[in-house]
2 protein chains.
Amino acid sequence: MANMTDVAKLANVSTATVSRVIQNPEAVKEKTRVKVLQAIEELNYQPNILARYFRRTETKTILVVVPSIMNNVFPQMIAGIDLVANQSGYKVLLGNTYQDPEKAYSYIEELKQKQVDGMILLTTRLDNDVITDIADRYPVVLTSDFIEGLNVPTVAIDNISSSREAVEHLLRLGHCRIGMITGPLNSLLSRDRLKGYRQALLANDIAIESVLIQEGDHTYESGYNQMNKFLALEKPPTAIFAANDSMAMGAIKAVKDQNMKVPEDVAVVGFDNIQFSEIFEPALTTIAQPLIEMGKQSMELLLKQIKGDSLKKKQLVLDTKLIIRDSCGSKQV
Amino acid sequence: MANMTDVAKLANVSTATVSRVIQNPEAVKEKTRVKVLQAIEELNYQPNILARYFRRTETKTILVVVPSIMNNVFPQMIAGIDLVANQSGYKVLLGNTYQDPEKAYSYIEELKQKQVDGMILLTTRLDNDVITDIADRYPVVLTSDFIEGLNVPTVAIDNISSSREAVEHLLRLGHCRIGMITGPLNSLLSRDRLKGYRQALLANDIAIESVLIQEGDHTYESGYNQMNKFLALEKPPTAIFAANDSMAMGAIKAVKDQNMKVPEDVAVVGFDNIQFSEIFEPALTTIAQPLIEMGKQSMELLLKQIKGDSLKKKQLVLDTKLIIRDSCGSKQV
DNA sequence: AGCTAAAATGTAATCCATTACATTTTAGCT
DNA sequence: AGCTAAAATGTAATGGATTACATTTTAGCT
C-alpha cells in the first residue's frame, strides 16, 4: 500500500502538499494539484485513516448508548441519528447496555479515550453527577430522558403534558374512572407519565385512587397482568391509560379474554405509537413520539458540540401528538 | 494527559516494559510490574487507543451492514452480533444502506481502509463478484442471504425447505388451493421462498397456477393489496403462504375487511416470527428464524476469520421451526 | 527592473504505542 | 566462583498523516 511519501516523491512535491491536496485543495496551485492527483491515481493511493485519526485525535465516530436495540422505539431513533450522522460524515457505533449500568460506564470510557467524538444516551440509569461531569467535558446528548435540573444538552418530549393529554382525551369521552398502568417507577420517564395522569385527574376534580394505579415493566405481559388486576376490582375502571403501547396491547388482550370489548367496555390509550399500534386491533389510540425527529435533532445537537459551537438552546422539547384511532371509541378530537 | 514515556520515566523503566505490563504482564517480573502499575495509577495513565490502532492496524471494530435498522428482523440479529462482539472486545459499527447499493459500496471502502476489522452483511444487493472479491481479501460474513455457488462465509437458513414446510403444513390441513404472496423477486431470498412453495405443491401433484402467485414488497400494505386480488378471483385460494409476517398480517386484515374469517375462511401462514406475530389476532402460524442465534454465529464466524483460523465450515445453515398458532386453525403438528 | 505582499510550497517535528533486536540480569548448575 | 541458558529489560526504529513555521515563488505594481 502506497503512502503519502510515495505520492509526494512521484509527484515531485512534499508530503505537506499532498496532504493539502487532500484536505484543502484550494490552497494548492492548479498545476501541482493535477500532478498530485495523477500520482494518487497512479499509485492507487488511499490515505491511512487510522494515522489521520491518531494525529487529529478525532474519529468521526459517535456512540449511541441504548438499553436494548430490540426494544421497539430505539431503532427509529437510531435511524434518525444515523441519517444526520451520515450526512455529516460521521459513523455510528452501537452501545447496548443490556440495562447494565456497568456497561454504560464502560462506554463512557470510550468517550474519554477519544475512541469516539461524542455520545448520545438514549435513556439511562446513570448517576446524575456522572452525567453532568462527562457532559461538561465531552460532547454528549441525552435523548428521551429529560432530567429536571440537569443542565445537560437534551432532546426530549414533555412526558408530563403528553400523558395529561392522553388522560384528558379519556376524560373528554366521559370517563371518570380511569386506571393507569405505569412503567417501572424507578425511571423518571415513568414517574413523569404518572404525574401527567395525576395532573389531568386533579384538574378535573377527580380523586386519585391508588388501586387504580398499577406498576408494569413496559412489557406486553405486564400490561396483561395488571389489567387483570383492574378487572378483578369490585368497581373496575372504564378506561385505562397505559404508559406504553406494548402494555396497552396486553391490557386490551386481557379485556378481550374476559369476553369484554375495547373500546365499548373499556377504553385504552397507549403511548409511543410503535409501528404495530396501527395494525393492532382495535387500532391503538396513542401518543406519538417523533422518534426519528428526536434522533435527528439529537445528532444535530451533538454535532454542534463537536464543532465547538456554543449552544443557544441546550434543551429541546419536541411535540408529541395524540393519534386517535379505535381503542377509545371516539371519532372526534 | 500522561503518555507512556511519562509512565516509563516515573517507574524508571523503558516504554517497552510499560507496554509489556499492559499487553503481556506475565513477561514482566513481579517487582517491576508493581512499580509500573503504581506509576500508571499515580499518573492516571490511559493508553492512547488511537495510537495503538494506528500502530497495530486493527480497530477492534466490526461493521454491520443492514438495509434498514427499522426493519423488524434486523435488531434481533444485531443484538446477537453485539453480544458476541462485546464478549470478545469488539465494537459494532452500524451501516445503514437505505437499500442503496452505492452506500453499501462506501462501507466496503471502510473495510479496505482498515477502519474496521471485519464486516457482516445482513442481506445485500451487491454484485456477486464484488462480494467474492472482498470476502477473499477481508473477513466478511454474509448473513441471511445464502447465495448459491458463492464460496463466501455465510450464516443462513434454508429458505427453500422452510417455505416448503410452511406450505406442507397447509397441505396437511387439507388445503389444495394455496396462494402465495412473495417478497420482491429481484432478491434471491424471495425467489427461494417461492421455490419452496412450488416444490411443496409439485410434490403433492398440485399444479402451479400463476394467478395464485402475487409479488409483494414485504410491507403490510402489499400483503393487504395482494390478498384483495386473491379474494377478487373467481375461485379464491383457501390458504395463503405469505413470505413474511408483515404481509401475512396485511393479508389477514384484507380477509377480515371482507367479513371473512381467518382461519375459517382462509388460512394464512407467515414467515419470520417477528415479535408481534404472537400478539396479533389471530396469532400467526409462521416459520421462526433463529435471528439472535444467526447474529451470534455470524459474529463467531467473523471472529475466526479475523483471528486467521482456517474455517472448517464456511457455510452454516441454521434450523427454522414451524410455530403453530391460530392463523391456520390447527392444533396438531 | 526592482520591490513588496501574497500565494505556494517545503522542512521537519509531532502524535504515541509497539516490537524486533540487542543487552543485561537472573537462576540453576558444576 | 564461574559458566550457560533463560528470563527480563532496554534501545530505537516504525507506522503515516498533519501542521507550525520557514522558505521560495508569483503577481502586481511603480
Side-chain angles (χ1 to χ4, degrees), chain A residues 1-40 42-61 89 109-110 112-117 308, chain B residues 1-41 43-61 89 109-110 112-117 308:
Chain A
M1 204 51 168
N3 67 20
M4 197 171 264
T5 311
D6 300 333
V7 176
K9 274 189 193 138
L10 183 60
N12 219 337
V13 297
S14 70
T15 58
T17 300
V18 176
S19 182
R20 278 188 282 258
V21 169
I22 293 166
Q23 299 297 326
N24 187 15
E26 312 82 46
V28 178
K29 218 205 302 177
E30 165 96 39
K31 213 170 124 195
T32 9
R33 198 190 319 151
V34 170
K35 210 168 46 173
V36 170
L37 255 16
Q38 274 170 354
I40 288 178
E42 188 172 333
L43 294 172
N44 196 12
Y45 166 75
Q46 293 210 306
N48 181 323
I49 309 262
L50 263 25
R52 176 183 298 167
Y53 289 168
F54 167 46
R55 180 59 224 237
R56 288 215 183 141
T57 333
E58 72 168 8
T59 58
K60 290 281 176 185
T61 303
E109 283 308 307
E110 290 187 14
K112 287 189 182 164
Q113 295 177 189
K114 305 290 179 118
Q115 294 193 59
V116 293
D117 297 347
Chain B
M1 198 62 163
N3 67 22
M4 197 172 262
T5 313
D6 300 333
V7 175
K9 272 188 195 138
L10 183 61
N12 218 339
V13 297
S14 71
T15 58
T17 300
V18 176
S19 182
R20 278 188 282 256
V21 167
I22 293 166
Q23 299 296 325
N24 187 14
E26 311 81 47
V28 178
K29 218 205 301 177
E30 164 97 39
K31 212 170 126 197
T32 8
R33 199 191 318 151
V34 171
K35 210 168 46 172
V36 171
L37 254 15
Q38 273 170 355
I40 287 178
E41 178 82 6
L43 293 173
N44 197 12
Y45 166 74
Q46 295 210 304
N48 182 321
I49 309 262
L50 264 25
R52 177 183 296 166
Y53 288 167
F54 167 47
R55 180 60 223 236
R56 288 214 181 141
T57 333
E58 72 168 7
T59 57
K60 289 281 175 184
T61 303
E109 283 308 308
E110 290 187 16
K112 286 188 183 164
Q113 295 176 192
K114 303 287 178 121
Q115 294 193 58
V116 292
D117 297 347

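Chain letters run A, B, ... following the sequence lines, proteins first and then strands; every chain starts at 1.
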- Residue A:A51, side-chain heavy atoms: nucleotide from C:dT26, D:dA17, D:dG10 that is nearest: D:dA17
- Residue A:R56, side-chain heavy atoms: nucleotide from D:dA17, D:dT18, C:dG10 that is nearest: D:dT18
- Could you check whether A:T15 gets within reach of a base, just the sugar-phosphate, or nothing at all, counting any heavy atom under 4.0 Å? base
- Mark yes when over 12 heavy atoms from residues, nucleotides or ligands other than A:K35 sit less than 6.0 Å from its NZ; otherwise mark no. yes
- Query: Which base, if any, makes a Watson-Crick or G-U wobble pair with C:dC3, both distances under 3.5 Å?
  - Reply: D:dG28
- Report which part of the nucleic acid A:R55 touches: base, sugar-phosphate, or nothing (heavy-atom distance under 4.0 Å, all strands). base
- Message: Can you see whether A:Q115 engages A:E109 through a side-chain donor-acceptor pair at a distance of less than 3.5 angstrom?
- Response: no
- Message: Does A:R20 reach a base, just sugar-phosphate, or nothing at all? Heavy atoms under 4.0 Å.
- Response: base
- Determine the contact category for A:V18: base if any of its heavy atoms lies under 4.0 Å from a base atom, sugar-phosphate if only primed atoms, P, OP1 or OP2 are that close, otherwise nothing. nothing
- Item | 5' priority, DNA chain C, between A:A27 and A:A16 [closest heavy atom] | A:A27
- Query: Who is the Watson-Crick or G-U wobble partner of C:dT9, with both distances under 3.5 Å?
  - Reply: D:dA22
- May I ask you to evaluate whether B:T17 reaches the phosphate of D:dG10, defined as a side-chain N or O under 4.0 Å from OP1 or OP2? yes
- At under 4.0 Å, does any side-chain N or O of B:T32 touch on OP1 or OP2 of D:dT9? yes
- Task: Have a look at A:N12 and say if it touches a base, only the backbone sugar-phosphate, or nothing, with a 4.0 Å heavy-atom cut-off.
- Result: sugar-phosphate
- Task: Mark yes or no for whether A:R33, through its side chain, and A:V28, through its backbone, hold a donor-acceptor pair below 3.5 Å.
- Result: yes
- Query: Any side-chain N or O of B:Y45 less than 4.0 Å from the OP1 or OP2 oxygen of C:dA17?
  - Reply: yes
- Item | Phosphate contact (C:dT18 OP1 or OP2) by B:R52 side-chain N/O below 4.0 Å | yes
- Task: Would you check if B:F54 stacks with the base of C:dA17, given a 5.5 Å centroid limit and a 30° plane limit, both strict?
- Result: no
- At under 4.0 Å, does any side-chain N or O of A:Q23 touch on OP1 or OP2 of D:dT18? yes
- May I have the distance from A:I22 (atom CD1) to D:dG16 (atom P), rounded to whole angstrom? 14 Å
- Task: Would you indicate, yes or no, if D:dT18 has its OP1 or OP2 atom less than 4.0 angstrom from a side-chain nitrogen or oxygen of A:S19?
- Result: yes
- Note on the structure: All heavy atoms of A:A39 vs all of A:A11, minimum pair found to be CB-CB, 3.9 Å
- Taking the side chain as C-beta and beyond, is there a heavy-atom pair between B:Y45 and B:I22 under 4.5 Å? yes
- Message: Within the 4.0 Å heavy-atom criterion, would you say A:D6 contacts the bases, only the backbone, or no part of the nucleic acid?
- Response: nothing
- Message: Measure CE/A:M4 against P/C:dG10 and give the value in whole Å, please.
- Response: 13 Å
